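Every chain is numbered from 1 and lettered A, B, ... according to where its sequence line falls, protein lines coming before strand lines. Here the structure is a predicted model, which is why all the values come from computation and not from measurement.
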Amino acid sequence: MSLIRKCTSTKPSSITVLNLLRESRCIKHLEQVHTHIIQKGYEQDHFIINQFISLCNVFSPDVSYATSVFEHVIQPNVYVWNTLIKGYSKKSSLVDCFVVLKQMRTSVNVIPDEFTFPSLVKSCSNVLALKEGEIIHGLLVRYGLDSDVFVGSSLIDLYGKCKEIEYARRVFDEISLKNEVIWTAMIVGYVYAGDLLEARKLFDEMPQRNVASGNAMIRAFVKFGDLSGAKKLFDSMPDKDVVSFTTMIDGYAKAGDMASARFLFDRSSNRDIISWSALMSGYAQNGQPNEAVKIFHEMLSMNVRPDEFIMVSLMCACSQLGRLDLANWVEHYMSQNSFDLNQVHIAAALVDMNAKCGNMERAKMLFEGMPKRDLVSYCSMIQGLSIHGCGSQAVDFFDRMLNEGLVPDDVSLKIILTACSRAELVKEGFRIFNLMTTKYSVKLSPDHYACVVDLLGRSGKLQDAYELIKSMPVEPHAGAWGALLGACKLHCDIEVGEEISNRLFELEPQNTGNYVLLSDIYAAANRWLDVALLRQKMSEKGLRKIPGCSSWYAFAALISFAIFNQSEHCISKKPRPRHPQPVKLNANRLVTGTLCGFDQFMNLVIDNTVEVNGNDKNEIGMVLIRGNSMVTIEALEPVA
DNA sequence: ATAGGGTTAG
């Protein structure tokens, strides 16, 4: 820490101060050098002050320190001004930047030069401030600086990001001596404008390419879904850097091709945090949460420090796994490693993770503590409440969301309809459905209709559901019919059930689940002949009933729950009576409705009062894991 | 004499 003592063996001079500055690695060091500068009277030395402010821009979180030092300079030269402005561009608001620029322009003996503006234009482009950018462009023309390559590339970038491709092109054409950066910025501009052809044309016309231009073009191919074009270019590039690899990995991940993403990741010689992040988010977003967690551990074992992107991906994976133990560990890890839990993305992911892993109390607390609640966080809460059987609370949150002025989208509608249907809140479901179609004009998809069919079906309004499905303005998919068939099973309606089954057998002939549902309906009505006929039909088509194919941890949870309670019964071993009894309780709804406690629930299962079928086990398992953190699943091997 | 700037990745 004691920087001064280390370097003061030589005679104090400006060289010494510069050496001290060169050795500085943090604010603390700068403060020490600062006292030195004051003591030795270098406060008016432009060269030294410029270096000093430059380092403030690196180490200081805001512009306050740089500004206070700057204000002691009586006649700052253009270098010092430029460096100060760079700091403001990086760490302050656009308004403040303009204030400083104005001060610079009105001070005597200083004229802004080509170094003054690029960083300012960049901070405009960061926030898509087109108007402010145009003001600066005007100044650039007035000062005669608009044909400078540095100025030009920043302007092209700004106009490109703001989708003003014509302006960008005009700047591009005006620059007589174009370098690779100018070309690359223009290519990226066309990509923003959605014009892959023009981007490609420019790339082919470029007299000289470098890694960045190649990377930009890979990115363009990826963005327009041309993975093979991207790979071809990638393979042809003579110099590939981390960005090249990462862009390609990210491209594969976004296209859902995790095998190729992983292959490239393993082959890439130098990886950085973004390569890891691309891979992890790929696994998390393509429904492979276990792989994402594995990657995280691999990363830690290689001493790579995770950043907030990595943590968000990890939380996303955790949400899918519903593992409260992991969720708690992640939260603890983040607070131990001084992550800012109030950062929007982290806060949103935390709410989602806690909600989906069963800690609704924590989720609520985090949710209320958020500085701003957006659609996504509301959806996390609503979905969490829905999963845990708090349907009416979910509806309350939805209404609160609307009252806050947030405009619901198709995803939020799907979530709230599912919540209503689970909790049999038919009236509420329809109120929201109608509101969405009239007031908010949400675009309805077959999924939404499937939700409403499910809503009607579960509450016993089979005919209404049937009518709706027949009058849908969009083509109903198998999910909608399936929901209705499920409702037929629930309410033992043979007539409608048969009709729908036949439709489903045509729509998805390979789905044995539909046969099983119809078979269950016949069985419940003691129509064993029909059951037999159906079985025959299945085997004729070469279909076999696949017994409960839940994921292993659902089973593991059930078993470990039994072990935990020192119960000798293990429901997976307990035979259910072959002879059908009237359906008493539906396990899935019992659990999602949390009509009883877990102990009670297990007793009901063991007494066979509750029917547990293959699909239910999965959800029951999840709920058990969430409901009782003492049930650990890691101790168990996967159940085949 | 010196010093300050732009493009590509999650």
Side-chain angles (χ1 to χ4, degrees), chain A residues 14-15 18 21 45-55 57 76-87 89-90 104 112-123 125 140 145 148-158 160-161 168 171-172 175 178-189 191 199 203 206 209-220 222-223 230 233-234 237 239-251 253-254 261 265 268 271-285 306-313 316 345:
Chain A
S14 68
I15 304 290
L18 284 173
L21 279 170
D45 186 316
H46 290 159
F47 186 79
I48 285 175
I49 293 301
N50 190 39
Q51 296 285 330
F52 189 88
I53 294 175
S54 187
L55 288 172
N57 290 345
N77 66 3
V78 66
Y79 293 98
V80 185
W81 275 107
N82 286 346
T83 307
L84 183 75
I85 284 182
K86 189 191 171 195
S89 306
K90 267 191 182 160
M104 179 188 186
D113 62 10
E114 67 271 33
F115 290 86
T116 313
F117 294 99
S119 56
L120 278 174
V121 178
K122 195 183 177 187
S123 56
S125 96
L140 283 163
L145 301 167
D148 177 76
V149 275
F150 287 85
V151 168
S153 48
S154 67
L155 279 175
I156 293 169
D157 173 62
L158 167 78
K161 278 207 177 78
V171 176
F172 177 83
I175 296 164
K178 299 180 185 65
N179 63 6
E180 294 93 328
V181 181
I182 293 282
W183 284 88
T184 307
M186 197 60 228
I187 289 170
V188 173
V191 176
F203 185 72
M206 273 180 86
R209 295 175 194 159
N210 62 12
V211 200
S213 58
N215 293 343
M217 201 57 220
I218 292 179
R219 182 80 199 149
V222 163
K223 206 183 158 192
L233 172 57
F234 176 84
M237 275 165 63
D239 309 300
K240 294 187 258 284
D241 63 3
V242 205
V243 183
S244 327
F245 275 92
T246 310
T247 311
M248 231 21 250
I249 292 168
D250 186 51
K254 287 216 169 77
F265 179 83
S268 56
R271 307 163 182 160
D272 62 10
I273 186 84
I274 305 178
S275 330
W276 288 94
S277 172
L279 191 69
M280 244 187 94
S281 82
Y283 279 126
Q285 283 172 25
D307 66 4
E308 66 267 29
F309 286 88
I310 298 281
M311 296 318 289
V312 168
S313 287
C316 173
H345 294 294

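- By the side-chain hydrogen bond (donor to acceptor under 3.5 Å, both in side chains) test, A:D241 is found to be paired with A:N215, A:S244, residues two or more places apart in sequence or in another chain being considered.
- Bounding nucleotides for the chain A contact on DNA chain B, 5' to 3', at a heavy-atom distance below 4.0 Å, are B:dT2 to B:dG10.
- Counting only residues at least two apart or on different chains, the salt bridge (Lys or Arg N to Asp or Glu O under 4.0 Å) pairs with a member in residues 210-220 of chain A are A:R219-A:D250.
- The residue A:T247 sits close only to the backbone: its heavy atoms come under 4.0 Å of sugar-phosphate atoms, none of a base.
- For the pair A:R271 and A:F245, the cation-pi criterion (under 6.0 Å, within 45° of the ring axis) is not fulfilled.
- A donor-acceptor pair is defined here as one N or O able to donate and one able to accept, closer than 3.5 Å; such a pair exists between the side chain of A:N57 and the backbone of A:T83.
- In this structure, the side chain of A:N77 engages the main chain of A:V80 through a donor-acceptor pair within 3.5 Å.
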